[in-house]
Amino acid sequence: MNIKLLSITPNIETVIEEAGRTCYQSYNKISEGSAERFIKMIIKNGHESVLEHGYASFKISGISRSLSHQLVRHRIASFSQQSQRYCKEDQFDYVIPPSVRDKYVGDESSLLFQYQEMMRNIQDLYNRMVREGIKPEDARFVLPNACCTQLVLTCNLREWRHIFKERYNLAAQWEIRQMCKEILKVLKPLAPIVFADFKIGD
Ligand SMILES: Cc1cc2nc3c(=O)[nH]c(=O)nc-3n(C[C@H](O)[C@H](O)[C@H](O)COP(=O)(O)OP(=O)(O)OC[C@H]3O[C@@H](n4cnc5c(N)ncnc54)[C@H](O)[C@@H]3O)c2cc1C
């Protein structure tokens, strides 16, 4: 999995404070430390629309289609994802879940071996279909959820908080949790007040 920050609103927490204080015309309260008090107050009071003034975009690659399918359910976010119609998957990478990797016992009967064998067979069938004139948009029907994809995800900080609440907790699936952790590691230092209540753990 590879996570790369593409862009973030400059002076993001200053922008959020300025936007929020417009509601109350309380610019005279802007001082050292006022952004922290103000942003904590709006989050506590559920006035989170103010957080929508800050955006962050990430390029995310080396994740499975199984992860991306969960991600694109987040309707407030914007996505541009590698197409399996316009791009051939003639050498697709795939994700191996740790639970499967752990099953390695060193011989051909192991789950890991069988898993990798299945991926090779899928690749062979896909390539044969394309060779024999099947369009990628139809050949892709045999591709697995494990198939790697890449996408650019842009959303505002209110939505990032929502994604982390839903996807960076133990009820969420391991791969999306791992992705959230990597994104939080980047976002927290850039917007420490907005993400203060998210702790980076396992
Ligand atoms: C642990 C877990 C298990 C899941 N299991 C399943 C499953 O088995 N099957 C399944 O189909 N999905 C499942 N989901 C996906 C889940 O149902 C949501 O589709 C997904 O998490 C996106 O959440 P959301 O709609 O709150 O977020 P977003 O789409 O990111 O929206 C953010 C917020 O905006 C508001 N909003 C957005 N669109 C609307 C709207 N049209 N009307 C009103 N308010 C809106 C809501 O307040 C929403 O919470 C699961 C999610 C999690 C975290």
Side-chain angles (χ1 to χ4, degrees), residues 1-9 12-13 15-20 22-23 38-85 94-102 115 140-202:
M1 178 182 303
N2 193 24
I3 305 289
K4 182 176 155 208
L5 177 70
L6 293 184
S7 74
I8 186 163
T9 305
I12 195 159
E13 293 187 327
V15 171
I16 289 168
E17 182 184 17
E18 171 102 25
T22 303
C23 305
F38 185 78
I39 293 173
K40 281 189 172 159
M41 182 271 289
I42 57 167
I43 290 174
K44 184 162 167 260
N45 295 344
H47 187 185
E48 292 204 14
S49 61
V50 177
L51 304 178
E52 294 169 19
H53 295 287
Y55 275 82
S57 301
F58 283 86
K59 173 104 179 259
I60 303 166
S61 55
I63 56 165
S64 70
R65 298 273 305 191
S66 150
L67 190 167
S68 71
H69 187 75
Q70 298 173 73
L71 208 48
V72 298
R73 295 294 300 275
H74 290 282
R75 294 158 289 178
I76 312 298
S78 304
F79 298 93
S80 298
Q81 181 169 12
Q82 175 188 349
S83 166
Q84 288 186 329
R85 288 187 71 208
Y94 56 87
V95 172
I96 303 176
S99 60
V100 175
R101 200 175 276 286
D102 287 349
Y115 185 95
R140 69 177 165 169
F141 276 63
V142 300
L143 294 173
N145 274 334
C147 189
C148 281
T149 187
Q150 52 180 285
L151 53 85
V152 171
L153 191 179
T154 297
C155 62
N156 63 54
L157 296 202
R158 182 187 200 176
E159 182 64 3
W160 276 120
R161 282 181 55 84
H162 180 72
I163 291 174
F164 295 142
K165 270 188 217 157
E166 284 202 341
R167 307 297 189 173
Y168 190 44
N169 75 57
L170 290 175
Q173 180 250 356
W174 66 269
E175 193 185 12
I176 200 164
R177 233 173 35 231
Q178 188 183 326
M179 183 208 74
C180 286
K181 181 178 181 176
E182 295 309 313
I183 294 177
L184 251 183
K185 279 197 222 160
V186 177
L187 281 183
K188 246 176 107 74
L190 297 169
I193 308 168
V194 173
F195 296 108
D197 48 342
F198 292 93
K199 308 287 172 236
I200 298 175
D202 287 336

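In each ligand, atom 1 is the first atom listed, and ligand 1 is the first ligand listed.
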Check each of Lys40, Arg161, Arg158 against Val194 using the side chain to side chain contact (heavy atoms under 4.5 Å, CB included) test, and report the only one that passes.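 With Val194 as partner, side chain to side chain contact (heavy atoms under 4.5 Å, CB included) holds for just one option, Arg161.
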Minimum heavy-atom separation for [X] to [Y], with atom names?
X      : Y      : answer
Val95  : Cys148 : CG2-SG, 3.9 Å
Glu159 : His74  : OE2-CB, 3.5 Å
Trp174 : Pro97  : CZ2-CA, 3.5 Å

Does the protein come close to [atom] - that is, does one of its heavy atoms sit below 4.0 Å from that atom?
atom                    : answer
atom 46 (C) of ligand 1 : no
atom 12 (N) of ligand 1 : yes
atom 23 (O) of ligand 1 : yes
atom 4 (C) of ligand 1  : no
atom 43 (C) of ligand 1 : no
atom 29 (O) of ligand 1 : yes
atom 53 (C) of ligand 1 : yes
atom 8 (O) of ligand 1  : no

I need the [X] [atom1] to [Y] [atom2] distance, nearest 0.5 Å.
X      : Y      : atom1 : atom2 : answer
Leu184 : Ile200 : CG    : CD1   : 5.0 Å
Cys180 : Glu166 : SG    : CD    : 10.0 Å
Lys44  : Asp197 : NZ    : CG    : 13.0 Å

Checking a contact table here: which protein heavy atom is nearest [atom], and how many Å away?
atom                    : value
atom 35 (C) of ligand 1 : Ile76 CD1, 4.8 Å
atom 21 (O) of ligand 1 : Glu166 OE1, 2.5 Å
atom 37 (C) of ligand 1 : Arg75 NH2, 3.6 Å

For Phe198 and Trp160, what are the C-alpha separation, side-chain angles and deciding distance, and is it a ring-ring contact (aromatic ring centres under 6.0 Å, His included)? CA-CA 11 Å; Phe198 292 93; Trp160 276 120; over 10 Å; no
Which atoms of ligand 1 have any heavy atom of Ala171 under 4.0 Å away?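 Result: 1 (C).
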Are more than 12 heavy atoms, taken from residues, nucleotides or ligands other than His47, located less than 6.0 Å from that residue's NE2 atom?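 Yes, the 6.0 Å shell around NE2 holds more than 12 heavy atoms from other groups.
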Nearest heavy atom to atom 33 (C) of ligand 1 wins, so pick from Lys165, Arg73, His162.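 Nearest option to atom 33 (C) of ligand 1, by heavy atoms: His162.
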Can you check which of His69, Arg167, Gln70 brings a heavy atom nearest to atom 50 (C) of ligand 1?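 When every heavy atom of His69, Arg167, Gln70 is considered, Arg167 comes closest to atom 50 (C) of ligand 1.
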Location of contacts on Glu159 toward ligand 1, heavy atoms closer than 4.0 Å: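 Side chain only.
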Test Glu175 against Ser64 for side chain to side chain donor-acceptor pair (under 3.5 Å), laying out the working first. CA-CA 8 Å; Glu175 193 185 12; Ser64 70; 2.6 Å; yes
